Structures are given as C-alpha cells and as structure tokens.
Amino acid sequence: RAQVAAIGHLVGGMPLALEMAAAWVDSLTLPQIAAELARGLDLLETEMRDVPARQRSVRAAIDTSWQRLSRPDQGVFARLSIFSGGMTSAAATFATTATPPQLAALVRKGLLHVTAAGDRYRLHELLCQYAAEKLDENPTAAAAARDRHAHFYAHLLANAEPHLLDDEAHVLASLDADSDNIDAAIGRLLDTRAAAPLLSALNALCLYRDARLRLRDAHDTCERIAAAFEPAGTDDTRLLVARAINWRVYFHLKLTDERDSVPPALAQARALLARLDGRGLPLTDD
C-alpha cells in the first residue's frame, strides 16, 4: 500500500499516468516503478496503436499543451518548476517574472492549479518534471530563475523575523506552507555564496526551525554557512559567520550536553564581531 501511495503521489493522481504505470506491474516491482517515475516521464507510455498519438505517453500529452503556448508563456511555465509544494501569487510573479494574466492563462489551460483556499498555485508533479526539463535546456535562464526564487524567500524570511520573535502563529503557518521552498532557497544561496541575502534571512530561519523543532537541520545549516564563508573577508561575511557560529552553538547545546567546543566557537565569533565596529550582537558564555 505504501508503494502504491508513493506511485500515486509521483503522478499526482493523473488517470492516464496511473494507467500507464499499472501496465508495468508484470515486469517491474512497485519500488522499481516508483524509482523510474522519480527519474522522469519516459516510463509512462503505451505501445497501443488504437489511441491517438497524443495519448500514447504522458510526455506526448504534455507536449501537445506545451506547443499551444506562446513563447513567453512557455518560459513562465518552465520557470514555475523551480517551486516545491506550490507558491503564492507574489512568489510566482517575482521568481518567474510572470504577469497575473499569464498565470491566469496557464490556469485556464489546466497547466497550473489554484488551491481550494485560492491563495496558492500548484503545478502537477508530472507537469513540474516536464517544465524542469524545458527550463534546464537554457542553463542561464534556469540559474536566473533559481536566484530570483532564492532572493524572494530570503526577503520573506527577513520580513517574518519580527513576527517570529513575537511567536505569531499565523506567520509560522505561512512559513510552513513554503517550508520546501525555503529549504531550496537556502541551499541555493549557499551554493552561490550569496552572503547578503543569507545574512538577512539567517535569524528568521533559525527562529523558525527552532519553533518547529528542526534543531538538527538548523545546526547543520549554520555549520555549512560558517564553513562556506571562511575565511570571512568582508563585513557582511564576518557578521554572517559570527551569527552562524552563535546559532550553531545554540542548537548544539539544545541537541547535546557536550560543551567542550563551545568556548572556542564563541571566541571565534567574538574575534569576528570585534572587527565590525559594533555591527554585531555581543556574545556571552550564557
């Protein structure tokens, strides 16, 4: 049952895709089918000749819809694949540079769905795979879209920080809805060594993960940040590394009683903060 559920999730419940996946049960195990689906769309095809060509594979069916889009709409559709777990209208328009009419057109054509609450868009899993393939055909456009996506969520976190300090439940719930996007954005900022947006987002990220008891994730992210930006050569990177060390110590102490590494870590953070002309927050052994 778990494997069937996984297959259903991978194809988003699409009837044509489920039928084509089921055709493989005589030659592949359910875990093998799920693994193949996770890799791409090519498993989902039939050799039956008594069906229209556009229905002989999921790829062919999506191709038909793709070819009917204008070039600008194709670009928007491809860029939407950078999102995980859906997105708000604000996120979609910023990261993909789409206009509201373009998003509405994709909804009308069945390529983008609006959630029941009406506050988020979602891209079907198989459509997302297809769109990602199209996006990756243009590495420059793909990189630009992922950078815009990362900067949007860094800004979202920075704006959420005051509300997280007040423990406002609705802000936590809002971040929960974009948890996968936030994780992807932080990963992208780390990969591209984008110090400024990471610096703006770090406190809120740690407050959020602390509130949701994602202590190990938070600790490991701070460790990655501290390692990625050493040696810290600018004020922004010094403050970023100092804050990352400070948060890493905080999560380390929540995860374990081992304290031997704390004084050297705090000493390293103090040394960085001492070079910032008072921009950083003082650290104490407490």
Side-chain angles (χ1 to χ4, degrees), residues 66 69-109 111-125 127-164 168 170-209 221 225 236 240:
W66 168 265
L69 295 175
S70 67
R71 287 293 295 275
D73 287 353
Q74 286 179 346
V76 171
F77 176 62
R79 291 191 291 275
L80 285 169
S81 66
I82 61 180
F83 290 96
S84 302
M87 76 294 296
T88 62
S89 176
T93 54
F94 182 88
T96 70
T97 66
T99 63
Q102 284 178 309
L103 296 174
L106 291 175
V107 171
R108 288 195 302 272
K109 293 171 183 176
L111 295 173
L112 187 64
H113 301 283
V114 181
T115 60
D119 59 347
R120 292 179 70 82
Y121 293 106
R122 284 190 177 275
L123 200 61
H124 188 287
E125 181 64 31
L127 293 174
C128 191
Q129 287 187 36
Y130 181 95
E133 292 174 6
K134 292 296 185 182
L135 181 62
D136 288 338
E137 290 175 2
N138 186 337
T140 301
R146 292 185 177 107
D147 286 341
R148 290 181 68 84
H149 173 275
H151 281 74
F152 177 87
Y153 286 103
H155 185 69
L156 184 79
L157 282 167
N159 286 341
E161 183 179 345
H163 307 284
L164 291 169
E168 295 184 21
H170 73 280
V171 176
L172 286 171
S174 174
L175 295 179
D176 287 342
D178 274 313
S179 178
D180 290 342
N181 283 312
I182 289 169
D183 290 348
I186 296 301
R188 177 68 181 176
L189 295 174
L190 266 166
D191 289 343
T192 57
R193 301 295 190 270
L198 274 173
L199 178 58
S200 71
L202 181 58
N203 283 344
L205 176 71
C206 291
L207 288 167
Y208 170 60
R209 288 185 174 174
T221 296
I225 291 172
D236 275 354
L240 175 61

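Keep in mind it's a predicted model, so treat the numbers as computed, not measured. Atom set for the values below is all heavy atoms of this structure, side chains included, hydrogens, waters and symmetry mates excluded.
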K.L.:
Within this structure, what is the NE2-CG distance for the pair His170 and Leu175, rounded to the nearest 0.5 Å?
P.N.:
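Rounded to the nearest 0.5 Å, the NE2-CG separation comes to 9.5 Å.
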
K.L.:
Which pair of non-hydrogen atoms, one from Leu112 and one from Tyr121, has the smallest distance, and what is that distance?
P.N.:
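The pair with the smallest heavy-atom distance is CD2-CD2, 3.6 Å.
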
K.L.:
One pair to check against side-chain contact (heavy atoms from CB on, under 4.5 Å): Leu111 and Leu69. What are the steps and the verdict?
P.N.:
CA-CA 10 Å; Leu111 295 173; Leu69 295 175; 3.8 Å; yes

K.L.:
Quick one: sort the Tyr130 and Trp66 rings into parallel, tilted or perpendicular, breaks at 30° and 60°.
P.N.:
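Aromatic pair Tyr130/Trp66 classed perpendicular.
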
K.L.:
Identify which one of Leu207, Ile186, Ile225 satisfies the side-chain contact (heavy atoms from CB on, under 4.5 Å) criterion when paired with Leu202.
P.N.:
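The side-chain contact (heavy atoms from CB on, under 4.5 Å) with Leu202 is passed solely by Ile225 among Leu207, Ile186, Ile225.
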
K.L.:
Any ion pair linking Asp136 and Arg146 (charged N to carboxylate O, less than 4.0 Å)?
P.N.:
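Judged by the 4.0 Å cut-off on N to carboxylate O distance, Arg146 and Asp136 do form a salt bridge.
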
K.L.:
Without swapping roles, check the side chain of Arg148 against the backbone of Thr97 for a donor-acceptor pair under 3.5 Å.
P.N.:
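Checking the backbone N and O of Thr97 against the side chain of Arg148, no donor-acceptor pair under 3.5 Å is found.
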
K.L.:
So how far is it from Ile182 CD1 to Asp180 CG, rounded to the nearest 0.5 Å?
P.N.:
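Going from the CD1 atom of Ile182 to the CG atom of Asp180 covers 9.5 Å.
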
K.L.:
Just verifying a value: how many Å separate Arg122 CZ and Cys128 SG, rounded to the nearest 0.5 Å?
P.N.:
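Going from CZ on Arg122 over to SG on Cys128, the span is 11.0 Å.
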
K.L.:
Where is the tightest heavy-atom contact between Ala196 and Asp236, given as atom of each residue plus distance?
P.N.:
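In terms of heavy atoms, the two residues are closest at CB-OD2, 4.2 Å.
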
K.L.:
Which heavy-atom pair separates Ala204 from Leu157 by the least distance, and what is that distance?
P.N.:
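So the two residues come closest at CB-O, 3.0 Å.
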
K.L.:
Working to the nearest 0.5 angstrom, can you tell me the gap between Met87 CE and Thr115 OG1?
P.N.:
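Output value for this atom pair is 10.5 Å.
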
K.L.:
Specify the closest pair of heavy atoms between Thr88 and Arg120, including all atoms of both residues, with the distance to one decimal.
P.N.:
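Heavy-atom minimum between the residues: CG2-NH1, 3.8 Å.
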
K.L.:
Roughly how far, to the nearest 0.5 Å, is CG of Leu103 from CZ of Arg108?
P.N.:
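One gets 10.5 Å once the value is rounded to the nearest 0.5 Å.
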
K.L.:
Show your working on side-chain contact (heavy atoms from CB on, under 4.5 Å) between Asp176 and Tyr208 and close with a plain yes or no.
P.N.:
CA-CA 9 Å; Asp176 287 342; Tyr208 170 60; 2.6 Å; yes

K.L.:
Please report the closest heavy-atom contact between Asp178 and Gly86, naming both atoms and the distance.
P.N.:
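Scanning both residues, the minimum pair turns out to be OD1-O, 3.9 Å.
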
K.L.:
Can you find a pair of side-chain heavy atoms, one from Gln102 and one from Thr96, that are under 4.5 Å apart?
P.N.:
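SC-SC contact between Gln102 and Thr96 ruled out.
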
K.L.:
Does the pair Asn159 and His155 meet the rule for a side-chain hydrogen bond (donor to acceptor under 3.5 Å, both in side chains), with working shown?
P.N.:
CA-CA 6 Å; Asn159 286 341; His155 185 69; 3.1 Å; yes

K.L.:
Using the ring of each side chain (for Trp, its six-membered ring), is His149 parallel, tilted or perpendicular to Phe83, with breaks at 30° and 60°?
P.N.:
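The arrangement is perpendicular - the two ring planes meet at more than 60°.
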
K.L.:
Evaluate side-chain contact (heavy atoms from CB on, under 4.5 Å) for Arg209 paired with Thr221, printing each intermediate quantity in order.
P.N.:
CA-CA 11 Å; Arg209 288 185 174 174; Thr221 296; 2.7 Å; yes

K.L.:
Let me confirm one number: the CG-CG distance from Leu106 to Leu123, rounded to the nearest 0.5 Å.
P.N.:
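CG of Leu123 is found 9.0 Å from CG of Leu106.
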
K.L.:
Evaluate the side-chain proximity of Phe152 to Asn181: yes if any heavy-atom separation is below 4.5 Å, no if none is.
P.N.:
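When only atoms from C-beta onward are counted, Phe152 and Asn181 do not touch, as no gap falls below 4.5 Å.
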
K.L.:
So with a 6.0 Å cut-off around NE2 of His163, is the heavy-atom count from everything else above 12?
P.N.:
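Yes, because the 6.0 Å sphere around NE2 of His163 holds more than 12 heavy atoms from other groups.
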
K.L.:
On a heavy-atom basis, which atom in Val76 and which in Ala98 lie closest, and how many Å separate them?
P.N.:
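Scanning both residues completely, I find the closest heavy atoms to be CG1-CB, 3.5 Å.
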
